[in-house]
Amino acid sequence: MAVQKVDMSVDLGFFRLTNPVLTASGTFGYGIEMMPFVELKKLGGVVTKGLYFEPREGNPPPRLVEVTAGLLNAIGLPGIGVKAFIRDILPRLREEKATVIVNVCGETVEEYVKVVRCLDEAEGIAFYELNISCPNVEEEGRCPALNPQATYSVVSRVKKAAQRPIVTKLSPNVTDIALIARAAEEAGSDALSLVNTFLGLAVNVETRRPKLANVYGGLSGPAIKPLALRLVYQTVQAVNIPVIGLGGIVTGYDALEFLSVGARAVQIGTANFFDPQATLRIIQEMEEFCREHNISRIEDFIGSFRI
Amino acid sequence: MAVQKVDMSVDLGFFRLTNPVLTASGTFGYGIEMMPFVELKKLGGVVTKGLYFEPREGNPPPRLVEVTAGLLNAIGLPGIGVKAFIRDILPRLREEKATVIVNVCGETVEEYVKVVRCLDEAEGIAFYELNISCPNVEEEGRCPALNPQATYSVVSRVKKAAQRPIVTKLSPNVTDIALIARAAEEAGSDALSLVNTFLGLAVNVETRRPKLANVYGGLSGPAIKPLALRLVYQTVQAVNIPVIGLGGIVTGYDALEFLSVGARAVQIGTANFFDPQATLRIIQEMEEFCREHNISRIEDFIGSFRI
Amino acid sequence: MEREVCLVQAKILEKYKWGQYILFYLFAPEISKLAKPGQFVMIRVSEQFIPLLRRPFSLMSVDPSEGRIAIFFQIVGRGTSRLSQYSPGESLSLIGPLGQGYSLSVLKPGDKVILVGGGRGIAPLFFLAQQLKEKKIRVMIFYGGKSAQDLPLKSLIEEELGVEELVLATEDGSLGEKGLVTEVLERKEIWPRIERVYVCGPEAMMRKIARMIEVWGVPGEFSLETYMGCGLGICWSCVRRIKKANSWSWVKICEEGPVFPGEVIKWEED
Amino acid sequence: MEREVCLVQAKILEKYKWGQYILFYLFAPEISKLAKPGQFVMIRVSEQFIPLLRRPFSLMSVDPSEGRIAIFFQIVGRGTSRLSQYSPGESLSLIGPLGQGYSLSVLKPGDKVILVGGGRGIAPLFFLAQQLKEKKIRVMIFYGGKSAQDLPLKSLIEEELGVEELVLATEDGSLGEKGLVTEVLERKEIWPRIERVYVCGPEAMMRKIARMIEVWGVPGEFSLETYMGCGLGICWSCVRRIKKANSWSWVKICEEGPVFPGEVIKWEED
Ligand SMILES: Cc1cc2nc3c(=O)[nH]c(=O)nc-3n(C[C@H](O)[C@H](O)[C@H](O)COP(=O)(O)OP(=O)(O)OC[C@H]3O[C@@H](n4cnc5c(N)ncnc54)[C@H](O)[C@@H]3O)c2cc1C
Ligand SMILES: Cc1cc2nc3c(=O)[nH]c(=O)nc-3n(C[C@H](O)[C@H](O)[C@H](O)COP(=O)(O)OP(=O)(O)OC[C@H]3O[C@@H](n4cnc5c(N)ncnc54)[C@H](O)[C@@H]3O)c2cc1C
Ligand SMILES: Cc1cc2nc3c(=O)[nH]c(=O)nc-3n(C[C@H](O)[C@H](O)[C@H](O)COP(=O)(O)O)c2cc1C
Ligand SMILES: Cc1cc2nc3c(=O)[nH]c(=O)nc-3n(C[C@H](O)[C@H](O)[C@H](O)COP(=O)(O)O)c2cc1C
Ligand code: FES
Ligand code: FES
């Protein structure tokens, strides 16, 4: 009587994903780099590296350092800029039939709007993910994601400009995630994704200098999973729009933890670095779990967590 | 020409520690449990398990669960209460010539004050550590450590009542640690210690239930080190009182990272669970490092970090 | 509370493996001299941080004259799986002996007792039987499991313990009597002649036996398992509801247990 | 960018160890068929999360007919230390071949080239020499290290590569000529007869050689090392300043390198 075929599709309301596994921005390149390992159309979606309007250099190295069960990164959002993306990358992603989600960045609110307007002209994009943890958007280098007013103002401006649905990606470095989540919801965000990286620091005791040129870096990987899961659960309880969960997911079991607390999809980040087929493996492991537990639709598992 | 003997003592202003290594509250019992492994007087100090006025039961089990490179705990601050501590434990700690630091808890501000007044009567305590991350102090189960006003109000009340110096222990679960740190400083705290645990969640996917009976738990251990180090560094920059750093320290090298960014002492928590001699080993490893690098006083190393 | 506890590097002397069950003989003279049946050791299974915590294992056999101790365990997760990869010649970091063991002093030569072990729960009872033998107590062992593979210590018990009777029980009937060990125990009408019962095994099994002996008025001692963060009494994670001064308190199993008399234990319902 | 890259489980066929240096021969037929000298593989050194990331290693020898490849590495930290514990018969997860290798097509039979390897930097040059030999290029190898222990591949080079000249240099003079390999190189007045130089080794050594050949006008190719998070072009961590269209850009070494002509590299100062 075991379930033969599991319906892995999930509905975000504004978009139905063929399965709940997306890539996390900045950990899967623009997608095409990973074609030797992953048939892109098998993924729920490919979230691109963050795109500003212009090409960007990023930070000086060292940009990445390994810490216990995680990474600290201060890559600095280098990239080819939105026009080169549309010209050189997007057509190839479309050829591959990938579900494309573009991670949108900006140094100012105007830049976010400019990027989105430019992308709106192009075909073959499913929706946008707004990275409101970019530094330098507000004064003092603090990002909008740390403050409900700033979050509201960026999201509402971009939402008004954009012709496609918007997922706002939240930062975990806040006292009360519900406040920020509700601000994004009120500003019209169609969904939320979290977490971005946790702010961290590593010191080289020999040289007494930071291990990253940028001093601070963002922590990702298995180390952050329990923290990310808590934040996702709190967010699910705070809002009525879909939530996409991520942070430290390496196995199908990890992904199911996020779905159980109510995330409708997940993103896989750091795991891609050491296992380029992590996304496909995770889909498989989730499907396997569903078959073993007689769950015919993955949507039935979402939100099944009971305290 | 190598340094033979390293002066490991550090001055907190109000107290000189024989070395910068303390135990973290809740991870070393009341001290006496660890006497088979550690000669207590060799430590910079023993910070006790958090004490309320009355004995407390704590949470139902499961109270602890292992996660990647860390623990989630929701022990719930069980304990024998301050009177039993003074009667049964303190005399034995004094016999051992331990430097005793009592971690003070309260369900209300009044209880904090009551605990401190009671301890003030007893001899053999060096100073207090105020655990302002206890749940239930304010309404809605949120702890004072998340809010500068609440922090100010608890710390100033206790400071006025207490005859011994007070170290305020901060929670890491905040957007801006500098705000909270400054509130505690303004309230008269003699020093700060951080971090307490990071709020996390773990789900058993089979049962779709939380792995801890209390649902949420606090994350500690190697996983949190880069986050703790960042918060300690930010705090050191924000205040003029001494800062005690902790979070994920397992080796002398880890401890030195915290001293380099300006912590004047460190606490060792989770490491005691798997290596009961972690504190002594860490002191040794730090001394070794100093000898190898010709540092004759550990205080010369403190704050040596340069960006 | 000034306990004698050692933190040692213990070399693995011999290793035996039966499917998911492993038996290690270790060289740990200090621990072997102090150990009492029912006590346990905390073992560090990886120098890396995964898994981070030590794991508790009962002392299964102790030979102070040779400085040898043994642990017997089942692979059930990450820690035991990692532990199973060690080989003779390698060393393990051990802390022990920890906890309060079974009480033997109440018994006198000629007394008859029953030991009931389910699966890996046989471990502390093996050590107990060694000491009961020395005290000339008459021992009857009930050793149960799902099937024959779960009773790997059968031969060792027969060879080393010289017990009066060894009753084997398997759920599938592949060895000994068919059925749960508790059912087999119930069938034998032995209670009136029994001085004391010592039990270690799954919660459900222990709970049933606790009910049984309450009826018969036979005292019983049970070795409890809980999640143990430290084994040293410093983390407060290992608590169970235990009756103290007529009320149920959360008691640290690693300090006051793992062995308790049946009447003070609050059993977990499934 | 549709690269041919494989993700394979490669069995360790042979292992050699000289102090802190290890040589593994692995069975990886797909990679052996695609590989070019200067390319590398990313190896997962632990299935646990510590260390989390793969580590990059140059292909040191390739035999497509037997499906064999080799890596040669020095133990310098946690990852290489863990890797050194693997034994023949065990398998490693490999991704490769990655990156752009040395260019050989510019050479014609009879040309004379120099290969300069410092310590573990000899690895990609060994593979290069194998292919240069097939192309009938005349090869002179400079192989330097702190002392004799740092030149463990000496015999293998002599036996397998049939190079025209092998110059050994050690800082303590315990083998070959005494001094830094760059000093020894300077002493030999060979530049006018040299078509091309291929270099791999510590940054300081490579920088010196880059200056030297600039003076002599000999083209050189250098294999750079940076911290590599993925090796796949997706993490943007491995950047170095490389001259492109006359300005210095941060370029991903894993994609466009690790080998670059000397004139486009911005050298790190100590
Ligand atoms: C005092 C005491 C003595 C013990 N003696 C023995 C013995 O002699 N032989 C033996 O095989 N086992 C013994 N155990 C159980 C043994 O400690 C656990 O099987 C082991 O810790 C599991 O570790 P793991 O990493 O393999 O499992 P994990 O991957 O951590 O978990 C696997 C499963 O085991 C459960 N589990 C994990 N830790 C414990 C624990 N400390 N107690 C109970 N269940 C746990 C988990 O809930 C999970 O269901 C004893 C436990 C205690 C408390
Ligand atoms: C393209 C490429 C090819 C390489 N080929 C070889 C080879 O054939 N043989 C060989 O022995 N080594 C080679 N290396 C270097 C090798 O990758 C590092 O020595 C190894 O990753 C160190 O890992 P670890 O965990 O032992 O060291 P860690 O504990 O991570 O660090 C120890 C030291 O090594 C440095 N280090 C760490 N990772 C790297 C890295 N990716 N690149 C440079 N330095 C690093 C650290 O800064 C530190 O000083 C190559 C590196 C690159 C980029
Ligand atoms: C190297 C690196 C680069 C990243 N770049 C981006 C980015 O461009 N935009 C973004 O929104 N998040 C970026 N992130 C954050 C990830 O998308 C993800 O939120 C985070 O890594 C947590 O997930 P993980 O633990 O699965 O890696 C980056 C993370 C890493 C490690
Ligand atoms: C089991 C456990 C119990 C704890 N109990 C207390 C406590 O009673 N009072 C307190 O201030 N902190 C308590 N803490 C927090 C630690 O003191 C410390 O802040 C935290 O564990 C981070 O340090 P670590 O990573 O070195 O463990 C507890 C931590 C753990 C793991
Ligand atoms: S296991 Fe830590 S107190 Fe019992
Ligand atoms: S190593 Fe990740 S992009 Fe080069």
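The shown structure was predicted, so the numbers you read here are calculated from the model rather than taken from an experiment. Throughout, protein chains are lettered first and strands after them, A, B, ... in sequence-line order, and every chain is numbered starting at 1.
- When heavy atoms are compared at a cutoff of 4.5 Å, B:Leu72 approaches chain A solely by way of its side chain, counted from C-beta outward.
- With hydrogens and angles ignored, the 3.5 Å screen pairs a side-chain donor or acceptor of B:Thr175 with a backbone N or O of A:Thr175.
- Side-chain contact between B:Leu259 and A:Val205: absent, with no pair of heavy atoms (C-beta onward) separated by less than 4.5 Å.
- Not one N or O on the side chain of B:Arg306 forms a donor-acceptor pair closer than 3.5 Å with the backbone of A:Arg209.
- Contacts between A:Ser260 and chain B at a heavy-atom distance below 4.5 Å involve the side chain alone, from C-beta outward.
- Heavy-atom pairs under 4.5 Å with chain B were tallied for A:Asn204, A:Thr68, A:Val174; the largest tally goes to A:Val174.
- Note that the CZ atom of A:Arg208 and the CD atom of B:Glu257 stand 12.5 Å from one another [nearest 0.5 Å].
- Interface check for chain B: of the options A:Gly217, A:Pro210, A:Ala223, the most heavy-atom pairs under 4.5 Å are formed by A:Pro210.
- In terms of heavy-atom pairs under 4.5 Å with chain A, the best-connected choice from B:Ala202, B:Ala69, B:Gly248 is B:Ala202.
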Inset, instruction - Please step through side-chain contact (heavy atoms from CB on, under 4.5 Å) for the pair A:Arg230 and B:Asn173, ending with a clear verdict. - result: CA-CA 12 Å; A:Arg230 183 263 298 182; B:Asn173 301 300; 3.8 Å; yes

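- Contacts between B:Tyr233 and chain A at a heavy-atom distance below 4.5 Å involve the side chain alone, from C-beta outward.
- For B:Val261, the part sitting under 4.5 Å from any heavy atom of chain A is the side chain, from C-beta outward, and nothing else.
- Contact of B:Leu219 with chain A is made through the side chain alone, with heavy-atom distances under 4.5 Å.
- Heavy atoms closer than 4.5 Å to chain A are found in the side chain of B:Phe289, but not in its backbone.
- Both the backbone and the side chain of B:Phe198 have a heavy atom closer than 4.5 Å to some heavy atom of chain A.
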Inset, instruction - Decide yes or no on side-chain contact (heavy atoms from CB on, under 4.5 Å) for B:Ile307 and A:Tyr216, but give the supporting numbers first. - result: CA-CA 10 Å; B:Ile307 64 171; A:Tyr216 296 116; over 6 Å; no

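- When the candidates B:Val203, B:Ile224, B:Leu256 are compared by the number of heavy-atom contacts under 4.5 Å with chain A, B:Val203 comes out ahead.
- When all heavy atoms of B:Leu201 and A:Phe305 are compared, the closest pair comes out as CD1-CZ, 4.3 Å.
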Inset, instruction - Apply side-chain contact (heavy atoms from CB on, under 4.5 Å) to the pair B:Leu199 and A:Leu227, showing each step before the final yes or no. - result: CA-CA 6 Å; B:Leu199 197 62; A:Leu227 308 182; 5.9 Å; no

